[in-house]
K.L.:
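Pasting a structure here, questions to come.
Atoms within each ligand, like the ligands themselves, are counted from 1 in listed order. One is the number of the first residue; the rest follow in order along the sequence.
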Amino acid sequence: MIEAAEKLAIHGGTPVRQTLLPYGRQWLDDDDIAAVVEVLRSDWLTTGPKVAEFEQTFADFVGAKEAVAVSSGTAALHAAMYALGIGPGDEVIVPAMTFAATANCVVFQGGTPVFADVDPDTLLVDPAQVEAKITPRTKAIIAVDYTGQACDYDALQAIAHRHGLILVADACHALGGSYKGRPVGSLADLSIFSFHPVKHITTGEGGVITTDNPDLAQRIRVFRNHGVTTDHRQREQQGSWFYEMVDLGYNYRLTDFQCALGISQLGKLPGWVARRQTIAHRYDVSFAGVPTVEPLGVRADVSHAYHLYVIQLDTMRLGATRAEVFAALRAEGIGVNVHYIPVHLHPFYREHFGTGPGLCPVAEVAYEQLLSLPIFPGMSDRDVTDVIAAMFKVCDAYRR
Ligand SMILES: Cc1ncc(COP(=O)(O)O)c(C=O)c1O
């Protein structure tokens, strides 16, 4: 069989781009760097005043009472499962279409993730599938705002309420988005964010948990600090050496210089989300008449934060596999990616939880057709044009 690259060379000549355009990238200005340097010159590199300032700024931004900063989105998920008391014998429902960390956090605490299938149009967790997976052992539901579009929180809250369950939002894709006019971060009992460089704002690595429940927030503050009730700065202020470890915790703290970066970045978020939405709109318009390219559906009641722009390829009509289209676009200098391999198909889950093909058929079929196109605020209009040109070029080459 003719290789994708050869086939395109026949049809296309030189690649659209000479250098690879990544699918996501951070944006750092001089004032971000200055904010970090200022903290590096101060007394408190960690557990200092910038942590509380970042937490308050973040909580205000998403309309939550409390925000707790931790060292990654994964640490935030782990802390959430701890705060809810998830343990052996407990089940937590998670969508099949997500990053593995969404399910792993349940396993960290000795619980069992139960995979629910997604809606074929949006690839967001299907509330009916969630309800079908509830058993007497179910304790919580983790919804994932996949690609940056909020889930149907009214439907999920109703299910959680009916069955006495806690609703957690893995909102790592959706900072700056909203649902029925309410900001992501205020829609569930606990909401989780990540500040990895490909996300909406970055602290290098980092995460936050938001909640309106002060008891849960306090449990998470103890958990992120070795299970110890006071931190170094509090003891210093009280002039005391005394502390007690009341539970098994971790060192999941975020440093002050990372929090300074977070504060600086958060101020720019609305403009960055608007730029992501503009790029997504150009893709939507360009692919509207292309029968082999189907962007994911977007509900009317959300403001989409577009961490990712995901398309589903009609691989039958195209006469090419996703792997071939992926390779061809990479050869054109477009850094496409795939989000995600459904979690229940990973060897770890097959081996330890007996999952496998057939468990979540919608996610499994979608996975074979997915591609994430580059989207990040620093993309120029020319970069967007290149992505669109490469998509047309590759689709045309295969349809001949
Ligand atoms: C949906 C989702 N959940 C959790 C995480 C974990 O976040 P982090 O990389 O900050 O640990 C990610 C990050 O890729 C994610 O996309």
K.L.:
Hey, what's the ring geometry for Y309 with F287, parallel, tilted or perpendicular (30° and 60° as the breaks)?
P.N.:
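Plane angle between 30° and 60°, so tilted.
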
K.L.:
Hydrogens and angles aside, do D60 and T57 bring a side-chain donor and acceptor to less than 3.5 Å of each other?
P.N.:
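No, because no side-chain N or O of D60 sits under 3.5 Å from a partner of the opposite role on T57.
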
K.L.:
Tell me whether the rings of W272 and W27 are parallel (<30°), tilted (30 to 60°) or perpendicular (>60°).
P.N.:
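Geometry flag for W27 against W272: tilted rings.
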
K.L.:
Does at least one non-hydrogen atom of Y340 fall below 4.0 angstrom from an atom of ligand 1?
P.N.:
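Yes; Y340 lies near enough to ligand 1 that a heavy-atom distance drops under 4.0 Å.
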
K.L.:
Starting from atom 11 (O) of ligand 1, which protein heavy atom do you reach first, and at what distance in Å?
P.N.:
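Nearest protein contact, heavy atoms only, for atom 11 (O) of ligand 1 is T74 OG1, 2.5 Å.
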
K.L.:
Considering only NZ, NE, NH1 and NH2 on the basic side and carboxylate oxygens on the acidic side, decide whether D247 and R224 come within less than 4.0 Å.
P.N.:
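Judged by the 4.0 Å cut-off on N to carboxylate O distance, D247 and R224 do not form a salt bridge.
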
K.L.:
Using a strict cut-off of 4.0 Å, indicate which atoms of ligand 1 neighbour a heavy atom of C172.
P.N.:
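Every atom of ligand 1 under 4.0 Å from some heavy atom of C172: 2 (C), 3 (N), 4 (C), 5 (C), 15 (C).
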
K.L.:
Considering heavy atoms of the protein only, find what lies nearest to atom 16 (O) of ligand 1 and give residue, atom and distance to 0.1 Å.
P.N.:
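For atom 16 (O) of ligand 1, the nearest protein heavy atom is H173 NE2, 2.9 Å.
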
K.L.:
Would you compute the distance between atom CG of L167 and atom CG of L84 and round it to the nearest 0.5 angstrom?
P.N.:
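Rounded to the nearest 0.5 Å, the CG-CG separation comes to 10.5 Å.
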
K.L.:
Take the angle between the ring planes of F223 and Y82 and call it parallel below 30°, perpendicular above 60°, tilted in between.
P.N.:
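Answer is parallel, since the angle falls under 30°.
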
K.L.:
Can you list the ligand 1 atoms lying under 4.0 Å from a non-hydrogen atom of S194?
P.N.:
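Atoms satisfying the 4.0 Å criterion: 7 (O), 8 (P), 10 (O).
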
K.L.:
Taking only heavy atoms of G73, which atoms of ligand 1 are found under 4.0 Å from at least one of them?
P.N.:
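The list of qualifying atoms is 7 (O), 8 (P), 10 (O), 11 (O).
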
K.L.:
Report yes or no: does a heavy atom of K199 sit under 4.0 Å from some atom of ligand 1?
P.N.:
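Flag set, K199 near ligand 1.
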
K.L.:
Closer than 4.0 angstrom: is that true for some heavy atom of V198 and an atom of ligand 1?
P.N.:
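Flag not set, V198 not near ligand 1.
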
K.L.:
Parallel, tilted or perpendicular: which describes the rings of Y340 and Y146, with under 30° parallel and over 60° perpendicular?
P.N.:
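Tilted, since the angle between the ring planes falls between 30° and 60°.
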
K.L.:
Quick one: does T98 get an N or O within less than 3.5 Å of an N or O on ligand 1?
P.N.:
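So ligand 1 has no N or O lying under 3.5 Å from an N or O of T98.
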
K.L.:
Which atoms of ligand 1 sit under 4.0 Å from any heavy atom of L77?
P.N.:
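Checking each atom against L77, I get 4 (C).
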
K.L.:
Do R299 and D121 meet the salt-bridge criterion of a basic N to acidic O distance under 4.0 Å?
P.N.:
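Here D121 does not pair with R299 in a salt bridge, since their nearest N and O are not under 4.0 Å apart.
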
K.L.:
Backbone or side chain, does any N or O of F195 fall under 3.5 Å from an N or O of ligand 1?
P.N.:
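Min N/O separation from ligand 1 is not below 3.5 Å for F195.
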
K.L.:
Parallel under 30°, tilted from 30 to 60°, perpendicular over 60°: which one fits the rings of F115 and Y349?
P.N.:
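Rings of F115 and Y349: perpendicular, over 60°.
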
K.L.:
In terms of residue, atom name and distance, what is the protein heavy atom nearest to atom 12 (C) of ligand 1?
P.N.:
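The closest one turns out to be F99 CD2, 3.7 Å.
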
K.L.:
From atom 2 (C) of ligand 1, work out which of D145, L308, I142, D170 has a heavy atom at the shortest distance.
P.N.:
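Looking at heavy atoms only, D170 sits closest to atom 2 (C) of ligand 1.
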
